[in-house]
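Let me begin by presenting the structure, written as structure tokens, before commenting on it.
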2 protein chains.
Amino acid sequence: MVSLSMEIELTKTKKQKPAPNELGFGKYYTDHMFMMDYDNPEEGWHNPRIIPYQPISLDPAAKVFHYGQTVFEGMKAYRTSDERILLFRPQKNFKRLNLSNDRIDIPQIDEEFALEALKQLIQIDQDWIPTEKGTSLYIRPFIIATEASLGASTSTSYQFIIILSPVGSYYPEGIKPVRIYVESEYVRAVKGGTGMAKTAGNYASGLKAHSGVAGSGFAQVLWLDGIERKYIEEVGSMNVFFKINGKVVTPALTGSILDGVTRNSILQLLKHWNIPTEERLISIDELYEAYTNGTLEESFGTGTAAVISPIGELQWQDKKMIINEGNTGELSARLYNALTGIQNGEQEDVLDWMVEVK
Amino acid sequence: MVSLSMEIELTKTKKQKPAPNELGFGKYYTDHMFMMDYDNPEEGWHNPRIIPYQPISLDPAAKVFHYGQTVFEGMKAYRTSDERILLFRPQKNFKRLNLSNDRIDIPQIDEEFALEALKQLIQIDQDWIPTEKGTSLYIRPFIIATEASLGASTSTSYQFIIILSPVGSYYPEGIKPVRIYVESEYVRAVKGGTGMAKTAGNYASGLKAHSGVAGSGFAQVLWLDGIERKYIEEVGSMNVFFKINGKVVTPALTGSILDGVTRNSILQLLKHWNIPTEERLISIDELYEAYTNGTLEESFGTGTAAVISPIGELQWQDKKMIINEGNTGELSARLYNALTGIQNGEQEDVLDWMVEVK
């Protein structure tokens, strides 16, 4: 493990904090950031430091710009009503960061050290954690390849950075279902590719599909698999769930979809509640059949930003599926309340997920 | 078209130029770079400028770091023996840049203006064009998403940058065949994805596959398609050709492979020479059959960096194909000599490819 000694340089000019109702998502950043370097295998990751939030200065030939050698994570810290600071399953995020590192050929980080560094950063910027209902401090760890070389090969140097962003409630007017377009032209990822990693290229691939349907009032696209173009994979950048005939079904982790922390938590919570779950292949045809025979009861996306995003409508070619009359389902609401309640400390942490920043 | 007026700021301290035998590929950069901004659709691309080569300063939340919204191009300028400066089919590169832009949801650039800007940049840095045999000035135009926002959506702002790098001969000891490993675990791209665009994520996906085989003496991997895992796509980051029974076969542009400028030029040159060509699906099984029945005569990769890279050996699972006894084929050598001869101005530009920088 890298030594915990860390250089800390505090800012001399603290920024003004935005009003809680102006937060939005990922628009404002706190006063400090964490940074650490990698220049060669002998030295490994070194020079961990907390510094004032500032621009990154890179040679125009830095590999991250050209060959996308970069991975990231997303998680949240919450301020409880009794003034504690809680992180939601952060170990899983740093573990997944290393899985992504492995796929993108980036050196492994020390997960324990990363968590300690994050805690220290949050403590320094704790005044930035908003307290209004539904708000939180979004955490974005990411690693970028910095070698200034145009050879299309693995970088020899990297920076590991953590930035923090106070974010508003995803549902300022209450949880609300969205309309989703089933994408049939573009593909997000394929087995053997990078779909299971949290890496930039997966998201770049989806931008055009999203822009293409946003004008028609769709919040996201539903991705089908790249091979048979029939199995459901993800919705936008979230995992997806369907309640069919009392069972909760979600696509299995086949190699092209992300092993979401919220997905995993939902499955655990449902098992804890003795509600049957299935992780398996589910085709768009099966879904449409369940819709027509009346057994498609609810659907929702899951991710760190929204936690639960109910799906009220799915447009598949010329077929429209209105789910639960376009309203938030009972189970979707129960899961949202339970998960956010555990996260903000208002409900008992029955599955031992929360990690306190002391 | 954007006005041609361009702000030019010349460097006060010219860098020392590396010795010709130390150039390598993409290791050194010239004294200046081109830069242009995009901040909103009304203004479009604006503020074109040539400035001293310098680091790019970006907010840590810039979308290029997180969502890979970036595209690039690669081309070369040559200094002829009579002191002219020639570009090889640059219009095709800027046209492809716009095709990549379209796929990655980046605003279109003015191709004509980009070429004029490039010419101006090359003129300013023309002393950097190396003159030794096989050397050239590699040109890297690229666009990065700069909006400082963590929402996984299309950026509102961009920078378009061109950097120049003097590069050494790809074959300092003469053109030489490489060993290639047929990849069966990882996939580069799939139809519906971004494989036909020159964008970072395609390259990120390949880094681990390349690192995995480099230790065993393989120069690159041969990519198979992501759906059936049998049709040949590309080799490393090059297009690939096979001479089978007198015909030259290359994978068709099915949507997951790059429409290479060198690939296109090779096809044109072969037609000009009345050598039969085929752009079609070609499976690894067909290739192995051609190998066993003795009709696989030559194979080579094509790309801007190497121009022609002869393949002397293909390792597919436990099968080894030694092509042309591991030597550079006659046609491979003829194509290499013809293409590089046209590029460096020593041979007649029979197909009207070269553009002079005056």
Side-chain angles (χ1 to χ4, degrees), chain A residues 24-27 29 33 53-62 64-70 72 74 102-105 138 140 142 144 148-154 161 163 165 185-194 199-208 210-211 226-227 229 236-237, chain B residues 25-27 29 33 53-62 64-70 72 74 102-105 138 140 142 144 148-154 161 163 165 185-194 199-208 210-211 214 226-227 229 236-237:
Chain A
F25 180 80
K27 285 162 59 185
Y29 306 95
M33 61 200 270
Y53 188 91
Q54 59 192 265
I56 303 174
S57 179
L58 291 175
D59 192 287
V64 63
F65 295 132
H66 307 271
Y67 307 124
Q69 202 186 4
T70 173
F72 72 91
D102 180 60
R103 180 62 186 87
I104 307 300
D105 220 17
Y138 183 80
R140 171 56 59 96
F142 64 109
I144 54 175
S149 159
L150 295 179
S153 58
T154 298
I161 298 163
I163 56 175
S165 170
E185 183 179 357
Y186 300 111
V187 167
R188 175 185 169 274
V190 71
K191 199 177 166 186
T194 58
T199 184
N202 299 333
Y203 298 81
S205 179
L207 296 173
K208 187 177 167 71
H210 178 257
S211 294
I227 296 176
R229 298 285 188 114
S237 51
Chain B
F25 181 79
K27 285 164 56 186
Y29 307 95
M33 61 200 271
Y53 189 91
Q54 60 192 267
I56 303 174
S57 180
L58 291 174
D59 192 286
V64 62
F65 294 133
H66 306 271
Y67 306 125
Q69 202 185 5
T70 173
F72 71 91
D102 180 60
R103 179 62 187 86
I104 308 299
D105 219 17
Y138 183 80
R140 171 58 57 95
F142 64 110
I144 53 175
S149 158
L150 295 178
S153 57
T154 297
I161 299 164
I163 56 175
S165 170
E185 181 179 0
Y186 299 111
V187 167
R188 174 186 169 273
V190 71
K191 198 178 167 186
T194 60
T199 185
N202 298 333
Y203 298 81
S205 179
L207 296 173
K208 187 176 165 73
H210 179 256
S211 294
I227 295 177
R229 300 283 189 113
S237 50

Shortest non-hydrogen contact from [X] to [Y]?
X	Y	answer
A:G68	B:A200	N-CB, 3.2 Å
A:S211	B:T154	OG-OG1, 3.1 Å
A:L207	B:D105	O-OD2, 3.5 Å
A:R140	B:L150	NH1-CD2, 3.7 Å
A:Q69	B:A204	N-CB, 4.3 Å

Using a cut-off of under 4.5 Å for heavy-atom pairs, which of [options] has the most such pairs with chain B?
options	value
A:G192, A:S149, A:S205, A:S237	A:G192
A:L58, A:I144, A:I161, A:T194	A:L58
A:R229, A:K208, A:K27	A:K208
A:P55, A:A189, A:G201	A:P55
A:G226, A:P60, A:A62, A:S57	A:P60

Top contributor to chain A contacts, counting heavy-atom pairs under 4.5 Å, from B:K191, B:H210, B:M33, B:R188: B:K191
Aromatic ring pairing A:Y67/B:F72, orientation class (parallel under 30°, perpendicular over 60°, tilted between): perpendicular
Polar side-chain atom of A:T70 near backbone of B:F65 as donor-acceptor pair, under 3.5 Å: yes
Interface moiety of [X] toward chain A, non-hydrogen atoms closer than 4.5 Å:
X	answer
B:R103	both
B:N202	neither
B:I163	side chain

Close aromatic pair by centroid cut-off 6.0 Å: A:F142 and B:H66: yes
Under the ring-ring contact (aromatic ring centres under 6.0 Å, His included) test, residues paired with B:Y29 that sit two or more places apart: B:Y53
